[in-house]
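Both ligands and their constituent atoms are indexed starting at 1 by order of listing. Being a predicted model, the structure only gives us computed values, none of them experimental.
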Amino acid sequence: MSTSIKDYAIATIASHTALQILKGARDEGFKTIAIVTPEVRRVYESFKVVDEFIEIPSFSDYFSIEDQLIAKNAIVIPHGSFVSYVGVEEIASKMKAMYYGSRGILRWESDRSMEREWLKAAGLNLPRVFKSPDDIDCPVIVKFHGAKGGFGYFIAKSPAEFRERIKEFPGENEYAIQEYIVGVPMYVHYFYSELNGELEVMSFDKRYESNADSIGRIAAKDQIEANIRTSYTITGNIPIVVRESMLPMFFNIGESVIKHSKNLEGAPKGLFGPFCLEGIIDPNLNFRVFEISARIVAGTNPYIEGSPYTALRYKEPMSTGRRLARELKEAIETGRLQDLLS
Ligand code: ATP
């Protein structure tokens, strides 16, 4: 394997965090490739972060162009849209191009009960889950499987209320009932270096969701009269700086999640690279985690020029996209690229 980054390219699907990933790759000296559809191409041309375009009719046609990526010695970077267009199983069993990260881990993060098993073993403070609606004894959030952007999620406070609300979703039998945590949403973005075994806290965000983030703009009386139902459709991300005294907790739980990823079945290398813990901070400052994303998250996008935390550690603007490109560069130059692929 070559130890010059000139012999490689960094490629990803043009969506989600692609602008950040490709800019970061370019800043580190890599050639960049964007896999585009005709609809999105102009955006990626406009922002000047792409050296080469590969166009496909739809992102789900990824496998029709994979040979081109292999011929160009491209390292493919997965992100949220990449995983959802290409598919967890297809990535695990069919992908042949060089893949940055641990593919097996995607199975663990995309299955709610496997994810819970992992996070529980890591000692995280998770919301309670209810096996049966009859057990509901506190406010709960009901999450449908595969519901994009939290659409259709609802809140119930008792078995009777659950039965009433679920009538609105005939035929929907796949859902999880989770304790509803009252507090503020918080998403912590990490980077774990497989090369030097160090965990970095990169940044924090919260989501800007429609209509959840606007319901408070009208009076409670009007909300009730208009019969508004809450939805959590993501529209963007808002940066956060946390209380400094909470940082030790964030480092501790991040390290524990990494440690407990090392013995997950089907993911021999465990988790490395960018990942995110998603939760709610309650008024007693407990971080109640309801999800992990084992890849770069869109909440890092406000920090293309770096975050307050990366500004402390790095002399140059360090986005998560650039951090992972730097890791790849170091791996290539020291003959360890294979350590970052799976
Ligand atoms: P993703 O695209 O990340 O998979 P999703 O559609 O699965 O998202 P979640 O991220 O699970 O949805 O949650 C959607 C919204 O519901 C978020 O705003 C989150 O803050 C809120 N939420 C999720 N779980 C809880 C909980 N247990 N208590 C309070 N709020 C919650």
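Between Tyr232 and ligand 1, no N or O atom pair is found at a separation short of 3.5 Å. Residue contacts with ligand 1: Ile181 is placed with a nitrogen or oxygen under 3.5 Å of a nitrogen or oxygen of the ligand (distance criterion only).
Atom numbering of ligand 1 starts at 1 in the shown order; those under 4.0 Å from a heavy atom of Gln178 are 24 (N), 25 (C), 26 (C), 27 (N). Close approach to Glu179 involves these atoms of ligand 1, each under 4.0 Å from a residue heavy atom: 26 (C), 27 (N), 28 (N). Taking a cut-off of under 4.0 Å to the non-hydrogen atoms of Glu278, the atoms of ligand 1 that pass are 3 (O). Atoms of ligand 1 found under 4.0 Å from any heavy atom of Lys143, numbered from 1 in the order shown, are 11 (O), 23 (C), 24 (N). Close contacts between ligand 1 and Tyr153 involve ligand atoms 5 (P), 6 (O), 7 (O), 12 (O), 13 (O), 14 (C) [criterion: under 4.0 Å to a heavy atom]. Residue-ligand proximity, Glu291 to ligand 1, at heavy-atom distances under 4.0 Å covers atoms 1 (P), 3 (O), 4 (O), 7 (O), 11 (O).
When only modelled atom types and interatomic distance are considered, Tyr314 and Arg323 share a side-chain donor-acceptor pair under 3.5 Å. Of the N and O atoms on the side chains of Ser58 and Ser60, at least one donor lies less than 3.5 Å from an acceptor on the other residue. In this structure, a donor-acceptor pair under 3.5 Å is absent between the side chains of Ser307 and Ser203. Ser64 and Asp61 form no side-chain donor-acceptor contact under 3.5 Å, judged by distance and modelled atom types alone.
Only the side chain of Ile141 comes within contact range of ligand 1, with a heavy atom under 4.0 Å; no backbone atom does. Of the heavy atoms in Ile280, only side-chain atoms (C-beta onward) come closer than 4.0 Å to ligand 1. The proximity of Tyr180 to ligand 1, defined as any non-hydrogen pair under 4.0 Å, involves the side chain as well as the backbone. Under 4.0 angstrom from ligand 1, the non-hydrogen atoms of Arg207 all belong to its side chain.
For the side chain to side chain donor-acceptor pair (under 3.5 Å) test, no residue two or more places apart in sequence or in another chain qualifies with Tyr180.
Note on Arg313 versus Glu198: salt bridge recorded, some NZ/NE/NH1/NH2 to OD/OE distance being below 4.0 Å.
Evaluation of the ring-ring contact (aromatic ring centres under 6.0 Å, His included) test over residues 199-227, restricted to residues two or more places apart or in two chains, returns Phe204-Phe250, Phe204-Tyr309.
When all heavy atoms of Ala14 and Val36 are compared, the closest pair comes out as CB-CG1, 3.6 Å.
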